[in-house]
Number of protein chains: 2
Amino acid sequence: MNNKNATKQVKSGRSKRGRPALSEAQRQEMRDKIALATQRLFKEEGYRNISMRRIAQEVGCAPMTLYQYYDSKLDILHTLWNEVFDELFGGLAELELEGREAQEQLQHLASAYVSYWVDNPDHYRLVYMTEGVSQSDVSVFIDDPDLMARYQVFAEVFGIVCANAFPRAVMAKKLDTLMCFLQGIIHNRVTISGYPWPDLGDMVGLAIHGVLNQEPKDE
Amino acid sequence: MNNKNATKQVKSGRSKRGRPALSEAQRQEMRDKIALATQRLFKEEGYRNISMRRIAQEVGCAPMTLYQYYDSKLDILHTLWNEVFDELFGGLAELELEGREAQEQLQHLASAYVSYWVDNPDHYRLVYMTEGVSQSDVSVFIDDPDLMARYQVFAEVFGIVCANAFPRAVMAKKLDTLMCFLQGIIHNRVTISGYPWPDLGDMVGLAIHGVLNQEPKDE
DNA sequence: TTAATTAAATGTACGCGTATAATTTAATTA
DNA sequence: TAATTAAATTATACGCGTACATTTAATTAA
């Protein structure tokens, strides 16, 4: 069901008659062309000015032709995600974490993560809000292995901080919870930008503290 | 700029000539009619099936006539918020909090709050996601005094929990932060419904713990 | 009664995402 | 070469929110 158009199985060399399917190279070339045009649009005219008709115009084809290469507008927008996540995780990778204490590392990492989204609200909207697209669930995240892999940075640093203090399963839950908290901080600061929010680092600190130093209160 | 159509100043009795403006009663009647039709649509056909043309059809007028009484679709949707918040805070008011310890009260309140949204994702989307509407910022919250007032419940219970442990300003920041965390929990559970999230109460517990028992670590 | 005036109501049109139908294109087969 | 076939492409159409133009309706002044 997913990404039908990504590779579009050549149906194991079916049928010698009729117009042949595009080669994988041709497919990819056009996909790249579309992605590039969308990228340019995003950069030069902003998120709100990306439309299928506008992309088609840039590419030089009819709007519906785009659907030969991508399933939906959302599918096209996903190609921009890589750009965004490259920038985001590139920045995170450059952080000087080595010398510091474990929890301080986590604090720095998480703060940088939150800051990125808050400083780039258009990117946040692109990835997390995707309005105007007819789809019901945003489960895209959990079934994109590449994307999940990038978030491993957090798991690694988090693992160091926990340092065998918790069973693996508990640690995983705590990390999930932490990421939810960070998401909450980001989402609120992006969507209610006018509010006098507390210091960003402080909020992140509370989030980390919350998931880490929980007293073993039964029940 | 805001809610131009809500009361629509009669321009201080201007001009005796020409068709008279609708009376306040007539205005309100039509506004109610529209709100009611929208409410019915929401309940019977779901959030996704609310459209200006559909509402107009129910009301028995042309789509553009709706704009005589409301500024935008979003403006109409806001009338549904009251319904939702009535249900939400009504439920919260019925919670048995009295006998319990303060922090446990907060835990119950917050859990019920989160549960409401998670159990009614359509309501969450209605209030917090509002897709397909052309508007840039969702600052509607902070300049709706009635709505802000309802959230005072949290401030009250939170105040009891803190019990003079923190200065008022610090307490306010902690509360803001807690609400962000809760929002994060909700948002993730609603939008990524397929994921095996940790226990809801546990997540809420970590959020509360995070903002409350912070060690006085300077800097 | 008629003309003028003003608000309310409606009609038309735009760009949107995209479903579906029709057309064009590039290959094979007769 | 001409007919057939299937993929690629494009045209058309729908419902969407709503800007803008037009029409209708209700009042007063002439």
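In what follows, every chain begins at residue 1, and chains take the letters A, B, ... in the order their sequences are listed.
Distance CZ (Arg53(B)) to P (dC14(C)): 14 Å, rounded to an integer number of Å. Distance CG (Leu22(A)) to P (dA27(C)): 11 Å, rounded to an integer number of Å. dC16(C) atom P lies 9 Å from atom CD of Gln57(A), rounded to whole Å. Rounded to an integer number of Å, the gap from CG of Leu74(B) to C1' of dT18(D) is 13 Å. Taking atom CD1 of residue Ile76(A) and atom P of nucleotide dT18(C), one finds them 9 Å apart after rounding to whole Å.
For the pair Met64(A) and Cys61(B), both in contact range of DNA chain C, the more 5′-proximal nearest nucleotide belongs to Cys61(B). For the pair Asn49(A) and Pro20(A), nearest-nucleotide mapping onto DNA chain C gives the more 5' position to Asn49(A). Checking Ile50(B) against Arg19(B), the closest nucleotide of DNA chain D that is more toward the 5' end is the one next to Ile50(B).
Closest to the side chain of Tyr67(B), from the set dT18(D), dA8(C), dG17(C), is dT18(D). Nearest to the side-chain atoms of Pro63(B) among the listed nucleotides dT18(D), dC16(C), dA26(D) stands dT18(D).
The ring of Tyr116(B) has its center no closer than 6.0 angstrom to the ring center of Tyr124(B).
Taking the side chain as every heavy atom from C-beta outward, Tyr128(B) and Ile186(B) never approach each other to under 4.5 Å. Residues Arg189(B) and Trp117(B) are not in side-chain contact: their nearest non-hydrogen atoms beyond the backbone lie 4.5 Å or more apart. With contacts defined as side-chain heavy-atom distances shorter than 4.5 Å, the pair Arg150(B)/Asp146(B) does not qualify.
Counting non-hydrogen atoms under 4.0 angstrom, Tyr69(A) reaches the backbone sugars and phosphates but no base.
Look at dC16(D): its Watson-Crick or wobble partner, with both distances under 3.5 angstrom, is dG15(C). Under the Watson-Crick or G-U wobble criterion, with both distances below 3.5 Å, dT28(C) is paired with dA3(D).
Rounding to the nearest 0.5 Å gives a distance of 5.5 Å between CD1 of Ile34(A) and CD1 of Ile76(A).
Distances shown here put a side-chain N or O of Ser51(A) below 4.0 Å from the OP1 or OP2 atom of dC16(C). Under 4.0 angstrom from either OP1 or OP2 of dT9(D) there lies no side-chain N or O belonging to Gln68(A).
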